[in-house]
Undergrad: 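Here it is, the structure, as structure tokens.
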There are 2 protein chains.
Amino acid sequence: MVYSNILKNLHKHISLTQEEEEYFLSLLKYQEVSKKDVVLHQGEVCKHLYFVNSGLLRAFFTGQETKEATIMFAMEDWWITDMHCFLQQSAAMVSIQAVEASTLLKLSKHDLDSLYSTVPAFERFFRILMQNAYVREQVRVLENLSLPAEVRYTNFMKKYPQIVQQVTQKQIASYLGITPEFLSAIRATKRL
Amino acid sequence: MVYSNILKNLHKHISLTQEEEEYFLSLLKYQEVSKKDVVLHQGEVCKHLYFVNSGLLRAFFTGQETKEATIMFAMEDWWITDMHCFLQQSAAMVSIQAVEASTLLKLSKHDLDSLYSTVPAFERFFRILMQNAYVREQVRVLENLSLPAEVRYTNFMKKYPQIVQQVTQKQIASYLGITPEFLSAIRATKRL
DNA sequence: ATGTTTTCTTAAGATAGCTTAAGATAATTG
DNA sequence: CAATTATCTTAAGCTATCTTAAGAAAACAT
């Protein structure tokens, strides 16, 4: 059933009573998206936190001159949103798009808040989620500041081998902060 | 008294009973550090989460060839640690050093865990703390990927005007991911 | 299937940011 | 306060990464 993945995800960190579980599930909305569908457009208010039930999403920023920067990938079993703008219910800094056909479960800010007050275990659950997200970003900042592009690419492949198979090199390049041409050159040297 | 800052910090997000508050305070250790003292050495196990009661700390990574990357600054009223290594109780990826004479309140992983189980409100408190930290890092990644050094410097000055006064340009440069020479050049153009 | 669009590769020329080095300021130490 | 050490600035030459462009390969659409 549609909820088995998200329940398994919850149970990694917290356990719930039958009622609590049902209340949580009642707040979720289910959404199917096709490849390339945009679930959040940069500039529009970010209303939901998304759980990726299946498929793969990508958050990216588009600046002047259409240079895209990929902020994050979210594969099956990950959570994704523009966290800043979701929390403030303000205009999104990034767009979120389906890399491939995906199924999502989404939660509004309002419903998340009532979840916190009704079922305190969710404070713990999201504390751990935020903690992991913070650690990931902190390590990413460290790598971006201290490692050359080639090593960052190697690390990325080690960390997310599945993602490498599913996304274009253009997208990987924009995640690493380099151009697709330069990524191509890096790959060419590794092939020798 | 030594605890007024940290209590004010807590009360921004949660309220506690007298007993809970006392229990929390009983877990804290107080530490005074002089300018340049290192409270956490890269490679050594990261045992504490630090609250900056007064002063200013800096977390930095030292790679090969002594290039330093500043991962974060933590001024008065901020929390800082090598979060990944604190949570895993593993070897720190970064060092944490006092930029100026500072007073700290620190909490061990063990005590934080017992705090979570004894006083659930702390799940909420740290959920919010982690959330804010995650958002800050995500925005930083976005800026690093999409903005030129000059704009990043301007943004940094706007966001942390106090820090700019207290740290060297070398440290700001290593936070922005550029050399001190290049930062100096950027500043020169703004002076015209 | 065939044509159309996007992606990937390659390569040449351009540039942001790096390295080195040396002098000028400022901060620290004895 | 003189001496030492660290920081900041300036400038020249250098390198990693970018830009542009054009062909090859793959993906997508009709």
Side-chain angles (χ1 to χ4, degrees), chain A residues 33-38 55-56 58 60-70 73 97-101 143-157 163-192, chain B residues 33-38 56 58 60 62-70 73 97-101 143-157 163-192:
Chain A
V33 292
S34 313
K35 186 168 181 167
K36 292 191 181 168
D37 280 1
V38 175
L56 178 60
R58 178 177 81 102
F60 63 96
F61 169 78
T62 309
Q64 32 273 50
E65 300 145 36
T66 54
K67 283 166 208 152
E68 275 185 13
T70 295
F73 294 106
Q97 186 184 38
V99 169
E100 55 181 44
E143 295 196 343
N144 283 173
L145 290 178
S146 60
L147 301 177
E150 182 179 346
V151 180
R152 268 149 45 211
Y153 175 60
T154 310
N155 288 171
F156 181 81
M157 288 196 301
I163 294 179
V164 177
Q165 305 310 117
Q166 295 170 64
V167 308
T168 65
Q169 287 168 220
K170 197 177 171 183
Q171 289 167 352
I172 296 176
S174 87
Y175 179 93
L176 297 175
I178 59 178
T179 58
E181 293 83 358
F182 189 52
L183 177 55
S184 178
I186 287 172
R187 286 162 51 85
T189 67
K190 298 183 94 78
R191 242 180 275 126
L192 299 184
Chain B
V33 293
S34 313
K35 186 167 183 169
K36 290 189 181 169
D37 280 1
V38 176
L56 178 60
R58 178 177 82 102
F60 62 97
T62 309
Q64 32 272 50
E65 301 145 37
T66 52
K67 282 164 208 152
E68 277 185 11
T70 294
F73 295 105
Q97 187 185 36
V99 170
E100 55 182 46
E143 296 197 342
N144 283 172
L145 290 179
S146 59
L147 302 177
E150 182 179 346
V151 180
R152 268 148 45 213
Y153 175 60
T154 310
N155 288 171
F156 181 81
M157 288 196 302
I163 294 179
V164 178
Q165 304 311 117
Q166 296 171 66
V167 308
T168 65
Q169 286 169 219
K170 197 178 172 183
Q171 289 167 350
I172 296 176
S174 86
Y175 179 93
L176 296 175
I178 59 178
T179 58
E181 293 84 356
F182 189 52
L183 177 55
S184 178
I186 287 171
R187 288 161 50 84
T189 67
K190 299 181 93 75
R191 242 180 275 125
L192 300 183

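As a basis for the values below, the full set of heavy atoms in this structure was taken, side chains included, without hydrogen atoms, waters or symmetry mates. Just so you know, these numbers come straight off a predicted model, no measurement behind them. Residue numbers start from 1 in every chain, and the chains themselves are labelled A, B, ... in the order their sequence lines are given, proteins ahead of strands.
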Undergrad: Counting only side-chain heavy atoms from C-beta out, which of C:dT9, D:dA11, D:dC8 sits nearest to B:Glu181?
TA: D:dA11
Undergrad: Considering every strand and a 4.0 Å limit on heavy-atom distances, what is the contact class for B:Thr168: base, sugar-phosphate, or nothing?
TA: sugar-phosphate
Undergrad: Could you tell me the separation between the CD1 atom of A:Ile178 and the P atom of C:dC8, rounded to a whole number of Å?
TA: 12 Å
Undergrad: Does a side-chain N or O from B:Arg187 land closer than 4.0 Å to OP1 or OP2 of D:dT9, or not?
TA: yes
Undergrad: CG of B:Leu176 versus P of C:dC18: gap in Å, rounded?
TA: 11 Å
Undergrad: Return no unless some side-chain N or O of A:Gln169 is found under 4.0 Å from OP1 or OP2 of C:dT9.
TA: yes
Undergrad: Given atom CD of A:Gln165 and atom P of D:dA27, what is their separation to the nearest angstrom?
TA: 13 Å
Undergrad: Closest to the B:Phe182 side chain: C:dC18, D:dT7, D:dC18?
TA: C:dC18
Undergrad: Here's a test of your reading of the structure: between A:Pro180 and B:Pro148, which maps to the more 5' nucleotide of DNA chain C?
TA: A:Pro180
Undergrad: Could you pull out all residues at least two apart from B:Glu181 that satisfy side chain to side chain contact (heavy atoms under 4.5 Å, CB included)?
TA: B:Thr179
Undergrad: Quickly work out the A:Glu150 CD to D:dA16 P distance and round it to whole Å.
TA: 11 Å
Undergrad: Rounded to whole angstrom units, what separation is found between the CG atom of B:Leu145 and the P atom of C:dA16?
TA: 19 Å
Undergrad: How many angstroms lie between OH in B:Tyr153 and CD1 in B:Ile186, if you round to the nearest 0.5 Å?
TA: 8.5 Å
Undergrad: On the nucleotide C:dT28, are OP1 or OP2 found under 4.0 Å from the side-chain N or O atoms that B:Lys35 carries?
TA: yes
Undergrad: To the nearest angstrom, how far is A:Gln171 atom CD from D:dA27 atom P?
TA: 14 Å
Undergrad: Once you round to the nearest 0.5 Å, how far does CZ of B:Arg58 lie from OG1 of B:Thr70?
TA: 4.0 Å
Undergrad: Would you mind reading off the distance between B:Lys170 atom NZ and C:dA26 atom P, rounded to a whole angstrom?
TA: 18 Å
Undergrad: Stepwise, does the side chain to side chain contact (heavy atoms under 4.5 Å, CB included) test hold for B:Leu145 with A:Phe61?
TA: CA-CA 9 Å; B:Leu145 290 179; A:Phe61 169 78; over 6 Å; no
Undergrad: Whole Å only: how far is the NZ atom of B:Lys36 from the C1' atom of C:dT28?
TA: 8 Å
Undergrad: Tell me, please, which residues at least two apart from A:Thr168 pass side chain to side chain contact (heavy atoms under 4.5 Å, CB included).
TA: A:Lys170, A:Gln171
Undergrad: So, OP1 or OP2 of C:dC18: does either fall under 4.0 Å of a side-chain N or O from B:Thr179?
TA: yes
Undergrad: What is the nucleic acid contact for A:Ala185, judged by heavy atoms within less than 4.0 Å: base, sugar-phosphate only, or nothing?
TA: nothing
